[in-house]
Participant: 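Questions regarding the structure given below will be posed in turn.
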Amino acid sequence: MNKLKKISALIRKALTAFFLYFFSDEKCAVCGTNAPFSLCFSCSVQLRKNIVYDVQKRCKKCGRLLLGENEVCTECRENEVLYADGCFSFFSYRLWAKNMLFMWKMQEKRAMGYFFSSCINEFLNQKFNKHNMPVIVPVPPRPHKIKRKGWDQIDDLCRFLSSLYGFKIFRALYRSSENQQKKLGRKERLAFASSSYHLNKKVLSKCKVLPRETVLIDDVFTTGSTVRECASLLKTCGIPKVYALTIFIVD
Ligand SMILES: [Zn+2]
Ligand SMILES: [Zn+2]
């Protein structure tokens, strides 16, 4: 049975790679050399190494890079904002990281999501016990985005995580507003976020036993308002531990 599972996972990975080949760029997003899946081999190896190394240099509470502080950044020490029970981020949002997000989100290079899903799998397996893996909760897209655009990068990521690595996806949240947060200032964002995310009562009512640990997944951590709002919603419905993992962080 286990062998069968392994073989079917391999077949799924191969088919996904074949499909994604047509959704990728021939240039590497990081170094610009020729690469079939929007990322060359040596850059992808280096990025994986960076993730493990960088996480140790990031604030335990918000995930921003530490500037000589010990474990918790000055801002988190002074403001005591609880974003989640722990925030993890892979890459600081600058230089080539900006290009990666642009290619993934705007140019629809879905092969990026394939790479990020493998990084998330590796990271979560290092961080958590494989018998006690937290359930993944995607930060939901704007309403009708999937219908309009045909896809959403976080939804895509979760599909890879579930079909290729066997993660459980719990779509416990939905988003109600059409407004785009990026057009708002910091204060407006903090106020606005509280009205745009909601618990998906339909999904929750079907769930017999709530997960004890969840990981919220999003693309960018900017002010932390989205993570804070979504995490507090999940806690109000009775989930004791909520972590957050974003691919990029503005720090
Ligand atoms: Zn490269
Ligand atoms: Zn912090």
Participant: Could you walk me through whether Ser38 and Cys28 satisfy the side chain to side chain contact (heavy atoms under 4.5 Å, CB included) test, starting with their C-alpha distance in whole Å, then the side-chain angles of each, then the deciding distance to 0.1 Å, before giving a yes or no?
Facilitator: CA-CA 5 Å; Ser38 308; Cys28 170; over 6 Å; no
Participant: Could you pull out the closest heavy-atom pair between Val135 and Lys168, with the gap in Å?
Facilitator: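 Val135 and Lys168 have their closest heavy atoms at CG1-O, 3.6 Å.
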Participant: Can you tell me if Arg212 has over 12 outside heavy atoms packed within less than 6.0 Å of its CZ?
Facilitator: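 Count not over threshold, so no.
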Participant: Judged by atom type as modelled, is there a donor-acceptor pair below 3.5 Å linking the side chain of Ser92 to the main-chain atoms of Arg94?
Facilitator: no
Participant: With a 6.0 Å cut-off (strictly less than), is the heavy-atom count around CZ of Phe128, excluding the residue itself, greater than 12?
Facilitator: yes
Participant: Which value, rounded to the nearest 0.5 Å, describes the distance between Leu199 atom CG and Leu234 atom CG?
Facilitator: 6.5 Å
Participant: Are any side-chain N or O atoms of Glu26 and backbone N or O atoms of Asn34, one a donor and one an acceptor, separated by less than 3.5 Å?
Facilitator: no
Participant: Evaluate the criterion side-chain hydrogen bond (donor to acceptor under 3.5 Å, both in side chains) for residue pair Arg64 and Ser89; output intermediate values, then yes/no.
Facilitator: CA-CA 8 Å; Arg64 292 188 180 97; Ser89 281; over 6 Å; no
Participant: Looking at OH of Tyr93 and OG1 of Thr246, how far apart are the two atoms once the value is rounded to the nearest 0.5 Å?
Facilitator: 12.5 Å
Participant: List the steps and the verdict of side chain to side chain contact (heavy atoms under 4.5 Å, CB included) for Leu67 and Glu69.
Facilitator: CA-CA 6 Å; Leu67 303 163; Glu69 302 108 320; 3.7 Å; yes
Participant: Is there a path of hydrophobic side-chain contacts, each under 4.5 Å between heavy atoms of I/L/V/M/F/W/Y residues, joining Leu95 to Met103?
Facilitator: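 Linked, Met103 and Leu95 end up in one cluster.
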Participant: Applying the 4.5 Å side-chain criterion to the ILVMFWY set and letting contacts propagate, would Leu164 and Ile51 be lumped into a single cluster?
Facilitator: yes
Participant: Short question: side chain of Arg77, backbone of Val72 - any donor-acceptor pair under 3.5 Å?
Facilitator: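 Yes.
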Participant: Tyr114, Leu10: one ILVMFWY side-chain cluster at the under-4.5 Å cut-off?
Facilitator: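 No; Leu10 is not reachable from Tyr114 via cluster members.
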Participant: More than 12 heavy atoms of other residues, nucleotides or ligands under 6.0 Å from NZ of Lys57: yes or no?
Facilitator: yes
Participant: Would you mind listing every side chain to side chain donor-acceptor pair (under 3.5 Å) that reaches into residues 233-243, with sequence neighbours excluded?
Facilitator: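 Found Asp85-Lys235.
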Participant: Passes side chain to side chain contact (heavy atoms under 4.5 Å, CB included), Val215 versus Leu124? Steps please.
Facilitator: CA-CA 9 Å; Val215 181; Leu124 291 181; 4.3 Å; yes
Participant: Honestly curious: do Phe41 and Val30 fall in one hydrophobic cluster under the side-chain, below-4.5 Å linking rule?
Facilitator: no
Participant: Which pair of non-hydrogen atoms, one from Pro138 and one from Ile169, has the smallest distance, and what is that distance?
Facilitator: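 The answer is CD-CG2, 3.9 Å.
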Participant: Please round to the nearest 0.5 Å and tell me the distance separating atom NZ of Lys13 and atom OG of Ser118.
Facilitator: 8.5 Å
Participant: Check whether any side-chain heavy atom of Val242 lies under 4.5 Å from a side-chain heavy atom of Glu213, and answer yes or no.
Facilitator: no
Participant: Identify whether NZ of Lys or CZ of Arg in Lys61 sits under 6.0 Å from the centre of the six-membered ring of Tyr83 and within 45° of that ring's axis.
Facilitator: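 Pair Lys61/Tyr83 does not count as cation-pi.
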Participant: State, yes or no, whether a side-chain contact exists between Pro134 and Pro211 at a heavy-atom distance under 4.5 Å.
Facilitator: no
Participant: Could you walk me through whether Phe116 and Trp104 pass the side chain to side chain contact (heavy atoms under 4.5 Å, CB included) check?
Facilitator: CA-CA 10 Å; Phe116 295 142; Trp104 185 30; 3.5 Å; yes
Participant: With the 4.5 Å side-chain cut-off for hydrophobic clustering, are Val203 and Ile239 part of the same group?
Facilitator: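 Per the 4.5 Å side-chain linkage, Val203 and Ile239 are co-clustered.
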Participant: Using 4.0 Å as the upper bound for N to carboxylate O, is an ion pair formed by Asp155 and Lys145?
Facilitator: no
Participant: Do any N or O atoms from the side chain of Arg142 and from the backbone of Arg175 form a donor-acceptor pair under 3.5 angstrom?
Facilitator: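 No, the answer is negative, given that no donor and acceptor are paired below the 3.5 Å cut-off.
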Participant: State the CG-OG distance between Leu157 and Ser162, to the nearest 0.5 angstrom.
Facilitator: 11.0 Å
Participant: Given 3.5 Å as the limit, does a donor-acceptor pair link the side chain of Asn125 with the main chain of Asn121, or not?
Facilitator: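 Indeed, once roles are kept as given, a pair shorter than 3.5 Å links the two residues.
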Participant: Cut-off 3.5 Å, side chains only: do Ser196 and Ser176 have a donor facing an acceptor?
Facilitator: no
Participant: Mind checking whether Phe248 and Phe91 have parallel, tilted or perpendicular rings, split at 30° and 60°?
Facilitator: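 Phe248 and Phe91: tilted rings.
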Participant: Nearest 0.5 Å please: distance from the SG atom of Cys59 over to the CG atom of Leu65.
Facilitator: 10.5 Å
Participant: Only one of Phe221, Phe115, Phe123 passes ring-ring contact (aromatic ring centres under 6.0 Å, His included) with Phe90; say which it is.
Facilitator: Phe123
Participant: Report yes or no: does Asp152 contribute a side-chain atom to a donor-acceptor pair with the main-chain N or O of Ile154 at less than 3.5 Å?
Facilitator: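 Checked: pair present.
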Participant: Please report the interatomic distance OG(Ser117) to CE(Met112), rounded to the nearest 0.5 Å.
Facilitator: 12.5 Å
Participant: Any chance NZ of Lys149 has more than 12 other-residue heavy atoms, nucleotides or ligands included, within less than 6.0 Å?
Facilitator: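 More than 12 within 6.0 Å, yes.
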Participant: State, to 0.1 Å, how close Cys230 and Val139 come at their nearest heavy-atom pair, and which atoms those are.
Facilitator: SG-CG2, 4.4 Å
